[in-house]
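All remarks here apply to the structure that follows.
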Amino acid sequence: MQAWRVHRNGEPDQVMVLEETDRPVPGAGQVLLTVRAANVNFPDALLCRGQYQVRPPLPFTPGVEICGETEDGRRVLATPALPSGGFAEYVTADEAALLPAPEALDDAEAAALHIGYQTGWFGLHRRARLRAGETLLVHAAAGGVGSAAVQLGKAADATVIGVVGGADKAAIARELGCDLVIDRRSEDIVATVKEATGGRGADVVYDPVGGDAYAKSVKCIAFEGRVVVVGFASGAVPSPALNHALVKNYSILGLHWGLYNTKDPDAVRACHDELTKLAADGVVKPLVSERVPMADAARAVQRVAGGTSTGRIVVLPGGGTR
């Protein structure tokens, strides 16, 4: 089969190589899946660089989530078992963790519903306890993780303020449903949020960026506000001033969605049921900006790594447009 392999750490477009290799062999409790669509995530770039919290042995295949097909023809969502990731024609995955692909979504959309939307749902509902009528501030609102949070925030009847970088991304954030969009390149995030909320600030901040995004968020956080720390796409990990959190009375909440797979798998399945219903009702629909063939996977991962993409880029090993 064909698979993208990483033999040394570095930038994705420099270290990902498309090779012919053997199909992975399922271990105990695992199944073999045909990959129908593999979603590109920022962690794929971190895996290539050797900077992710999990460091699979070299060589490995990146690709942390897929829509696949079982040998008996079921369409499922899965997180492939590294080191044999999703940018391949076949993967293995834990059978107990397979989730049925929502019928309302095509393969590419289904592949993009899994980690990003689960992260958004757990972040907004399980960690931040977002309530109807509250103001939600979403950084990187036109990106894969941010766009999911925007849709989930609107589904929860929150007022959503999206932060983006550039006019093109601002237009996408508006189409996603943001009530207000802030272009961080030309507008003052803190002043604009305070003005929009009558000086109160944002009740919940969803931050997959870190760095300057976090620093500005805590300057416009509301009384009893909650900052959900999802990731550090900027490359800068902030050092929270706990005296500031004390004085302004806000909470800093960490979110590592992967832990729920081992700590509370029932909650993951319940979340998937809710997301499937929201997809069936047309309330959420993953923003798939590009569907690319297998040959373009390395360039796609590099674009996500550089922050130049919008929504989700999905790799189709079969070469179709599904």
Side-chain angles (χ1 to χ4, degrees), residues 1-5 12 16 18-26 29-44 47 60-119 144 147-148 261 268-269 271-273 275-276 278-280 284-301 303-304 309 311-322:
M1 70 167 190
Q2 282 195 320
W4 284 92
R5 307 250 281 171
M16 288 177 62
L18 187 58
E19 298 178 341
E20 287 289 335
T21 186
D22 295 332
R23 293 184 187 182
V25 178
Q30 294 184 330
V31 293
L32 181 70
L33 301 174
T34 302
V35 179
R36 296 173 66 101
N39 183 40
V40 180
N41 285 270
F42 189 71
D44 294 317
L47 281 166
F60 68 88
T61 297
V64 297
E65 65 178 341
I66 68 157
C67 175
E69 185 176 338
T70 63
E71 292 182 289
D72 60 4
R74 290 178 293 133
R75 204 168 63 109
V76 298
L77 305 186
T79 52
L82 295 173
S84 299
F87 300 138
E89 293 180 303
Y90 297 90
V91 299
T92 58
D94 293 336
E95 186 169 19
L98 298 182
L99 298 170
E103 294 182 4
L105 304 178
D106 65 24
D107 293 343
E109 293 165 342
L113 185 77
H114 195 188
I115 296 176
Y117 280 81
Q118 286 259 346
T119 299
S147 62
N261 274 326
V268 172
R269 290 188 171 276
C271 174
H272 180 69
D273 290 343
L275 293 174
T276 298
L278 291 174
V284 303
K285 186 180 180 68
L287 173 61
V288 178
S289 58
E290 295 179 62
R291 292 165 164 83
V292 302
M294 184 76 147
D296 290 340
R299 286 188 289 271
V301 176
R303 288 186 57 205
V304 171
S309 61
R312 292 295 191 181
I313 303 177
V314 180
V315 178
L316 304 174
T321 58
R322 56 182 183 268

Check your understanding: Do you know which two heavy atoms are closest between Pro62 and Met16, and how far apart they sit?
Key -> CG-CE, 4.0 Å
Point to revise | Side-chain heavy-atom pair Asp296, Ile313 within 4.5 angstrom cut-off | key: no
Review point. Roughly how far, to the nearest 0.5 Å, is CZ of Arg75 from CG of Leu77?
Key: 8.0 Å
Review point. Roughly how far apart are Leu316 CG and Met294 CE, rounded to 0.5 Å?
Key: 10.5 Å
Point to revise | Distance, nearest 0.5 Å, that separates CG of Leu275 from CD of Gln118 | key: 5.5 Å
Point to revise | Side-chain heavy-atom pair Leu82, Leu47 within 4.5 angstrom cut-off | key: yes
Study note, to complete from the structure: On a heavy-atom basis, the closest approach of Leu32 and Pro24 is CD1-O, 3.6 Å
Practice item. Could you tell me which non-hydrogen atom of Pro317 sits nearest to which non-hydrogen atom of Val35, and how far apart they are? Key: CG-CG1, 3.6 Å
Exercise for review: Find out whether Val31 and Glu71 are in side-chain contact, i.e. whether some heavy atom of one side chain is under 4.5 Å from a heavy atom of the other.
Suggested key: no
Check your understanding: Just wondering, do Arg299 and Arg303 contact through their side chains at under 4.5 Å, heavy atoms?
Key -> no
Mind listing the side-chain donor-acceptor pairs of residues 86-100 below 3.5 Å, one per line with the distance, residues two or more places apart or on another chain?
from	atom 1	to	atom 2	distance (Å)
Glu89	OE1	Gln2	N	2.7
Tyr90	OH	Arg23	NH2	3.1

Review point. Between Pro293 and Val315, what is the shortest heavy-atom contact and its length?
Key: O-CG1, 4.2 Å
Revision key, fill the gap. Nearest heavy-atom contact between Leu287 and Ser147 is CB-OG, 4.4 Å
Point to revise | Point-to-point distance, once rounded to the nearest 0.5 Å, from CZ of Arg5 to CD of Glu20 | key: 11.5 Å
Practice item. Flag the pair Asn41 / Arg312 as yes when at least one side-chain heavy-atom distance between them is below 4.5 Å, and no otherwise. Key: yes
Review point. Which distance, rounded to the nearest 0.5 Å, do you find between the CD of Gln30 and the OG of Ser84?
Key: 9.0 Å
Check your understanding: Quick one: are Cys67 and Glu109 in side-chain contact, heavy atoms under 4.5 Å?
Key -> no
Point to revise | Arg36 and Ile66, any side-chain heavy atoms less than 4.5 Å apart | key: no
Exercise for review: Please report the C-alpha distance between Val314 and Glu290 in whole Å, then the side-chain angles of each, then the deciding distance to 0.1 Å, and finally whether the side chain to side chain contact (heavy atoms under 4.5 Å, CB included) criterion is met.
Suggested key: CA-CA 6 Å; Val314 180; Glu290 295 179 62; over 6 Å; no
Point to revise | Close side-chain approach of Asp44 to Val64, heavy-atom, < 4.5 Å | key: yes
Check your understanding: Between CG of Asn39 and CG of Asp107, what distance do you get to the nearest 0.5 Å?
Key -> 12.5 Å
**Study point:** Atom of Ala110, atom of Pro102 and distance for their closest heavy-atom approach
**Key:** CB-CD, 4.3 Å
Practice item. List for me each residue that meets side chain to side chain contact (heavy atoms under 4.5 Å, CB included) alongside Asp72, sequence neighbours excluded, and say none if there are none. Key: Thr70, Arg74
